[in-house]
Amino acid sequence: METKMEPPKNTIGIIGWLRKNLFNGWFNSLLTIIFLWIVFTVLYAALKWVFVTADWTVIVVNLRLLLVGQYPQDQIFRVWLALTLVSTLTGLSWGLWKGTIGNLAIALGASFLILSLFPFSGEVKTWLLVNATAIGLGYVLGRYFPILRKPTAASWILLFPFIIVLLRGLGTSWLPIVGTNLWGGLMLTFLLAIVAIVFSFPLGVLLALGRTSKLPLVRYLSIGYIELIRGVPLITILFMAQLMLPLFLPEGVTLDRVLRAMAGLTLFSAAYLAENVRSGLQSIPRGQYEAAQALGLSNFKTTFLIVLPQALRAVIPILVGQFIALFKDTSLVSIVGILDFLGIGRSIVAQPEFLGRQREILIFAAAIYFVFSYAMSYASRRLEKSLGVGER
Amino acid sequence: MRTVVPFWRDNRIVPILVQLFFLVLVILLGGFFYNNLQVGLDKTGMKLGFSFLNQSAGFSIKETSIQYSPADSYGRALLVGFTNTIKVAFWGIILATILGVFVGIGRLSSNWLVRNVAAVYVEIIRNTPLLVQLYIWYFALFMQLPKIQDSIILPGSIHLSNRGLALPWLVSTSGTRIWLAFFLVGIVAGFLIYKKQTEKQLITGIDRYPALWAMGALLLSLLFAWLITMDKPFLLTVPTVDGLRYSGGYRLSPEFATILLGLVVYTGAFIAEIVRAGIQAVSKGQTEAAKALGLGHSLSLRLVILPQALRVIIPSMTSQYLNLAKNSSLAIAVGYPDFFSVSGTTLNQTGRAVEIITLVMVAYLSISLLTSLLMNIFNKRMRLVER
């Protein structure tokens, strides 16, 4: 006769899970108890502080400053417009390519909708809803018009210069110039990181090619630059950009603080980018060079048509990682007196009426940095998987 | 018939031309900058040069590891800052390594809670800027601690207040040096005896108790030390509150404690990820083989997994150490007088931007080069283990 035996009661269900994962052996049980105590103490203190002790009015009152700095109030629609463009393109990409970008688009749209429930002014609410709608409309468009693929990709590339022009203005009556000295807050943090990565890209690629070049002079100069920049802290480069750069420029040419910081970040980022690209260049098998030579391609064509495209594809996830690092590193510009997200937060708590509200501002800043960095690194991990890097 | 190759297609000449062009470009660019600099300096009537380093600094430094007074020169002040940087970097590297290894192993623990607490720690720390973390440690933690009169006293007589941290510490006595010398002799002798006895044991197969012999040698040498000095090796001092400051024990200023804690917690998270990746890079068969040989969890980790993981870990660890040393320059944000912060003060007082920034870059470059040199030597030694 066949008898079906149940597994022992203490190896299945919740109790089984607990025994297996938390209480296998005296050592693990001890660890579990100690860690439970730690987790409860920390969580209790943190939750109590967030919901009882902390006074969040400092954030609410200064939200606009924290987000866009001293950008003129009557020109604020430009920032919203720029954001709406990003939303539209995100929505379009979601409809066209699905996958990771879809998750991000949903997260973005959901945050707009949730934020619109907060008691903001009518204008802000409208813009938030416009953004959420833009994502939805973009999705629908992308879904039913796959022909939009190429225009969308091109728009992503054109978006950056367009946003810069939009934010800075053309000097016309309805788009007056808003100088970079008025840019600030989270917007500036993003712009600093984007400008640095975009401008350091060509520089970094050239440096990487220089470092792998067979010409000794080019190679040593590239190595010299890369190792010099990588050997010193970012803050010294930012100080150099603020204090030394003006000395090196001809008379009459002046850059304001923000542009100088952008220059410093670009020079810094280029060295790191060069090393990342170099790792990609080294991953290209010799056969590719030899095949290109056999086809009669010149050195120039081999590099730009055969090697670089493959190398850059291999390093995309690393470049995203570098962008995240740069996004966090831009906080250092607050030390040289620029009012980026952290800088403006620090200047708010320096005002007498918000004295002693450092904790709220700092924790809020940390949370915002965390949300964006985490979202980007999540996307980068997914991207890595979908590109199949390391699997081919 | 021989075709004549024009020189712009000649494979021997083109590279030279390209390099010449490149060189001219770099020289022109450099000359342009240099010329602008000269014009600017001429206007202000300043001359490049390092003679200002001999002038009296005139500012005081809160924390000094070597003798310093405001009457000393700028050069001396910068040296004080440099020693402070070295101090932070040295302790930071050691403590971050310890923290990182524990958290990295914790990330792979079989205990669900430990695993996830470690993961949350790593994610939070890695996704927020170091500068924000430093501000939080300083303004939200150390500055919010009670006044020195109501210091928090943790078990082990560790005092915590907004004046900093004070720990019980050892003070040397008259015999400390002799004790230390004999201790070193004992360690070396013990090590040699241990090796010799193990060798004999391996050859003869008879138990020679190497560990016991080594311990004996060490104890014997310590006994000699006691007979000679007739004194204790160290005295333990416990910190006490003395008016508005601590006396006795080892005292850390809140600034030093902040920058050290901040760097250790931040770099520790990155090291943890490296350690985790290193352990995971060791093939599973190794763990299983160790288990099959009857090694326990900790023994197999210590004897089989970690030595192999170390080879993967060391190169990435080097770059983390370099990052820590460079990040120590953020001490300026909390007011710890490290090299960068002292340089900043000097720059403000003398206005010599070019010289000081050059000096700072050279100093950090040499720290970086020295660290990578040491780590490369270590790396080579570890690689010898490879078959």
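In what follows, chains carry the letters A, B, and so on, assigned in the order in which the sequence lines appear, proteins first and then strands, with residues in each chain numbered from 1.
- Nearest heavy atoms, B:L113 versus A:T32: CD2-O, 3.6 Å.
- Using a 4.5 Å cut-off between heavy atoms, B:Q38 does not touch chain A at all.
- Annotation: side chain of A:M240 is in contact with side chain of B:M361 (closest heavy-atom distance under 4.5 Å).
- Within a 6.0 Å radius of CZ in B:F102, other residues, nucleotides and ligands contribute 12 heavy atoms or fewer.
- Going from atom CE of B:M143 over to atom CD of A:Q358 covers 10.0 Å, rounded to the nearest 0.5 Å.
- Both the backbone and the side chain of A:V218 have a heavy atom closer than 4.5 Å to some heavy atom of chain B.
- Of all residues spanning residues 324-332 of chain A, those with a heavy atom less than 4.5 Å away from chain B's heavy atoms are A:K328, A:S331, A:L332, arranged by number.
- Annotation for A:F370 and B:I124: closest pair CE1-CA, 3.7 Å, computed over non-hydrogen atoms.
- Top candidate by heavy-atom pairs under 4.5 Å with chain B, chosen from A:S213, A:G231, A:P233, is A:P233.
- Annotation: maximal heavy-atom pairing with chain A below 4.5 Å, among B:P129, B:S368, B:G344, occurs at B:P129.
- Under a 3.5 Å cut-off, the side chain of B:Q19 and the backbone N or O of A:L217 do form a donor-acceptor pair.
- Atom CZ of A:R230 sits about 9.5 Å away from atom OG of B:S372, to the nearest 0.5 Å.
- Proximity to chain B (any heavy atom under 4.5 Å) is shown, for A:L36, by both the backbone and the side chain.
- Heavy atoms closer than 4.5 Å to chain B are found in the side chain of A:I335, but not in its backbone.
- Annotation: maximal heavy-atom pairing with chain A below 4.5 Å, among B:V39, B:L347, B:L23, occurs at B:L23.
- The greatest number of non-hydrogen atom pairs below 4.5 Å with chain B, out of A:V349, A:I363, A:L243, is found for A:L243.
- Comparing B:L131, B:L37, B:N111 by how many heavy-atom pairs each has under 4.5 Å with chain A, the most go to B:N111.
- With a 4.5 Å cut-off on non-hydrogen atoms, A:I34 does not touch chain B at all.
- For chain B, the option among A:L31, A:L249, A:I368 with the highest count of heavy-atom pairs below 4.5 Å is A:L249.
- Proximity to chain A is limited to the side chain of B:I332, based on heavy atoms less than 4.5 angstrom apart.
- Residue A:L215 touches chain B through both its backbone and its side chain, counting heavy-atom pairs closer than 4.5 Å.
- Contacts between B:V120 and chain A at a heavy-atom distance below 4.5 Å are absent for every atom of the residue.
- When all heavy atoms are compared, the tightest approach of A:F248 to B:F33 is O-CD2, 3.4 Å.
- Comparing A:S334, A:S377, A:P216 by heavy-atom pairs within less than 4.5 Å of chain B, the highest count is held by A:P216.
- No other option in B:F139, B:Y135, B:Y364, B:Y34 has as many heavy-atom pairs under 4.5 Å with chain A as B:Y135.
- Annotation: side chain of A:F239 is not in contact with side chain of B:V360 (no heavy-atom distance under 4.5 Å).
- Nearest heavy-atom pair across B:L365 and A:V232 is CG-CG1, 4.1 Å.
- Atom CZ of B:F50 has more than 12 neighbouring heavy atoms from other residues, nucleotides or ligands inside a 6.0 Å radius.
- Taking CE from A:M376 and CG from B:N127, the interatomic distance works out to 9.0 Å, rounded to the nearest 0.5 Å.
- With a 4.5 angstrom heavy-atom cutoff, B:V18 touches chain A only via side-chain atoms.
- Chain A forms the most heavy-atom pairs under 4.5 Å with one residue out of B:I357, B:L322, B:L369, and that residue is B:I357.
- Heavy atoms closer than 4.5 Å to chain A are found nowhere in B:I367, neither backbone nor side chain.
- The two atoms that bring B:V117 and A:V39 nearest to each other are CG2-CG2, 3.6 Å, heavy atoms only.
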